[in-house]
Amino acid sequence: MKKGIFLVMMVIFLLSMTMIASAQELTIAVIPLSLGHPWWVRCGEGATKAGEELGINIIYTAPEKEDAAKQLDYFNDQVNKGVDAILLAAVDAETMKKPIADAIAKGIPVFGFDIGAPGTDIIWTASGWEPVQSGTNIGEGLAKEIGGKGKVALITAGLGQPYLEMRQKAIEAVLAQHPDITIVGLYANDNDYEKALSQCESVLLAHPDLAGFASTTTTGIPAAAQAIINAGLEGKVAVWGVSMPKQNADYVKNGIVKGGLALDSAQMTYLGVRIAYDYLTKDKVLPVPGNEYGWAEVPVTDVEEKFSYVPDTLLTPENVDTFGF
């Protein structure tokens with residue numbers, strides 16, 4: 001009897017050691033749009049946190065600035081190195097379509113985070129600011145702040161990015177319900193702060209009676225806020241959009257930004273790494289509604305769209321310093 005118990009315990013021990021060794025040998029490459037923006041820096045921290053908790057290797061790499069061709073080179077490099085999985089936020093999904101399919105065919109599963117890679121064979125995407133709901137929140141909040149009337153400028157990162165376009169269209173759909181609101185233009189800044197600031201300043205010069213800015217991307221919020229200060233229009237122009245807490249803390253506390261929707265971008269990559277890890281170690285299991293993922297808690301999961309979303313929070317003077325990034 002004792003011998004039987006001993007053998008069972010040995011088998012359990014050896015299996016557990018095998019699982020630990022297997023996890024330690026796993027390497028997941030995480031490729032954002034670029035490395036220079038604070039948003040992507042924070043994403044790297046989330047990936048690292050997940051890797052440390054799971055005991056796996058994380059490679060966080062990308063061009064310094066957004067460049068579809070250069071990002072493809074980084075992607076192919078990781079495929080050639082034989083990593084176990086790739087987590088990707090594509091600058092241009094069409095450019096990555098065949099490379100993603102080829103990588104998966106070689107046995108390297110590819111997952112998305114943030115905007116992911118819409119229209120490709122990507123297995124699952126960990127994101128935040130569910131595009132339609134976040135766009136709806138931005139539109140409704142802005143319309144309410146400006147009293148349902150006035151001129152509005154829309155800010156985005158790059159044209160042709162489906163995820164951002166979904167948020168943009170949701171904003172436009174809400175504003176269209178208010179006949180006294182006019183959209184004066186859509187301004188793409190390529191996630192370049194100086195370009196965004198220059199655009200916002202030009203908008204205010206052309207439309208000194210502008211009622212508000214609505215941004216689909218984090219770069220737009222601080223740029224719009226600073227442009228408002230530079231023009232001496234504090235308290236006269238509303239600012240709504242997705243945003244990062246730390247870089248907008250003063251604007252929020254001073255009441256210039258009342259519509260910043262925050263998301264801890266680190267939670268996206270953390271969630272993405274956890275999803276990829278489960279896929280690799282649990283017979284290709286994928287998320288279902290109600291699943292809990294440690295620090296990412298319980299995301300909103302859309303099985304049909306193959307997306308899991310970390311929820312967002314409206315920034316206020318009371319909570320803006322609590323995020324730590």
Side-chain angles (χ1 to χ4, degrees), residues 28 30-34 37-47 49-50 60 62 66 71 85-93 96 100 109-138 156-158 160-171 191 215-219 241-245 260-279 286-313 323 325:
I28 297 178
V30 182
I31 306 175
L33 269 66
S34 67
H37 193 283
W39 178 258
W40 305 119
V41 173
R42 180 62 178 166
C43 282
E45 295 172 0
K49 179 178 174 64
Y60 194 73
E66 293 183 23
Q71 187 186 51
I86 295 175
L87 199 59
L88 173 70
V91 174
D92 180 66
M96 300 303 301
I100 288 172
V110 182
F111 300 83
F113 73 99
D114 193 76
I115 59 175
T120 70
D121 291 339
I122 214 153
I123 294 170
W124 202 274
T125 300
S127 192
W129 291 319
E130 193 280 324
V132 175
Q133 187 58 58
S134 61
T136 299
N137 292 342
I138 292 167
T156 193
Q161 295 184 4
Y163 186 86
L164 297 183
E165 285 185 350
M166 290 173 66
R167 182 175 295 135
Q168 172 197 327
K169 291 184 183 302
I171 295 171
N191 271 328
S215 180
T216 70
T217 180
T218 58
T219 307
V242 292
S243 62
M244 295 181 67
L261 298 182
L263 168 70
D264 191 340
S265 59
Q267 286 188 301
M268 290 191 307
T269 43
Y270 176 93
L271 175 60
V273 170
R274 289 286 301 263
I275 291 172
Y277 177 82
D278 285 353
Y279 184 89
L286 289 170
V288 295
N291 276 7
E292 185 174 356
Y293 292 91
W295 184 51
E297 301 178 355
V298 181
V300 175
T301 291
D302 186 329
V303 175
E304 183 177 351
E305 295 295 327
K306 298 181 180 179
F307 263 78
S308 291
Y309 298 94
V310 177
D312 57 73
T313 303
F323 290 83
F325 68 96

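Index from 1, following the sequence. Hydrogens, waters and symmetry mates are skipped; everything else that's a heavy atom, side chains included, is used. The model shown is predicted, which means the values in this text are computed figures rather than measured ones.
The backbone N or O of R42 sits nowhere less than 3.5 Å from a side-chain atom of S265 that would complete a donor-acceptor pair. A donor-acceptor contact shorter than 3.5 Å is absent between the side chain of Q71 and the backbone of A62. Under the 3.5 Å distance criterion, the side-chain polar atoms of Y270 are matched with a main-chain donor or acceptor of W295. A donor-acceptor pair under 3.5 Å is absent between the side-chain atoms of T301 and the main chain of V303, judged by distance alone. With E130 contributing its side chain and Q133 its backbone, the two residues share a donor-acceptor pair below 3.5 Å.
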Q: Decide side chain to side chain contact (heavy atoms under 4.5 Å, CB included) for L164 and R167; before the verdict, give the C-alpha distance in whole Å, the side-chain angles of both, and the deciding distance to 0.1 Å.
A: CA-CA 5 Å; L164 297 183; R167 182 175 295 135; 3.7 Å; yes
Q. Can you list the steps and then say if L271 with Y309 is a side chain to side chain contact (heavy atoms under 4.5 Å, CB included)?
A. CA-CA 9 Å; L271 175 60; Y309 298 94; over 6 Å; no
Q: Start with the C-alpha distance between D264 and V310, add both sets of side-chain angles, then the distance that settles side chain to side chain contact (heavy atoms under 4.5 Å, CB included), and finish with yes or no.
A: CA-CA 8 Å; D264 191 340; V310 177; over 6 Å; no
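Using a 4.5 Å heavy-atom cutoff, the side chains of L33 and I115 are in contact. Put simply, the side chain of P32 does not reach to within 4.5 Å of the side chain of C43, judged on heavy atoms. When side chains are defined from C-beta on, V110 does not count as touching T120, because their heavy atoms never get closer than 4.5 Å. Looking only at side-chain heavy atoms (C-beta outward), Y279 and W124 stay at 4.5 Å or farther from each other. Between V242 and L263 there is no side-chain heavy-atom pair separated by less than 4.5 Å.
To the nearest 0.5 Å, atoms CZ (F111) and CZ (R274) are separated by 13.5 Å. The CD1 atom of I138 sits 9.0 Å away from atom OG of S243, with the distance rounded to the nearest 0.5 Å. Residue D121 holds its CG atom at 7.5 Å from CD1 of I100, rounded to the nearest 0.5 Å. For the atom pair E305 CD and T125 OG1, the distance stands at 10.0 Å (nearest 0.5 Å). Between the CD1 atom in I123 and the CG atom in L286 there is a gap of 7.0 Å [rounded to 0.5 Å]. In this structure, CD on Q267 lies 6.5 Å from CD on E297, to the nearest 0.5 angstrom.
Counting all heavy atoms, side chain and backbone alike, S134 lies closest to D312 at CB-OD2, 4.3 Å. Closest of all the heavy-atom pairs between I122 and A117 is CD1-CB, 3.8 Å. Minimum heavy-atom separation, I28 to A276: CD1-CB, 3.9 Å. For T216 against A157, the heavy-atom pair with the smallest separation is OG1-N, 4.1 Å. Between T269 and L87, the shortest heavy-atom contact is O-CD2, 3.9 Å. Taking all atoms of both residues into account, the shortest heavy-atom contact from T136 to A170 is N-CB, 3.8 Å.
Classified by interplanar angle (parallel below 30°, tilted 30° to 60°, perpendicular above 60°), the ring pair F307/Y163 is parallel.
Using modelled atom types, one finds a donor on one side chain and an acceptor on the other under 3.5 Å when comparing D114 with W39.
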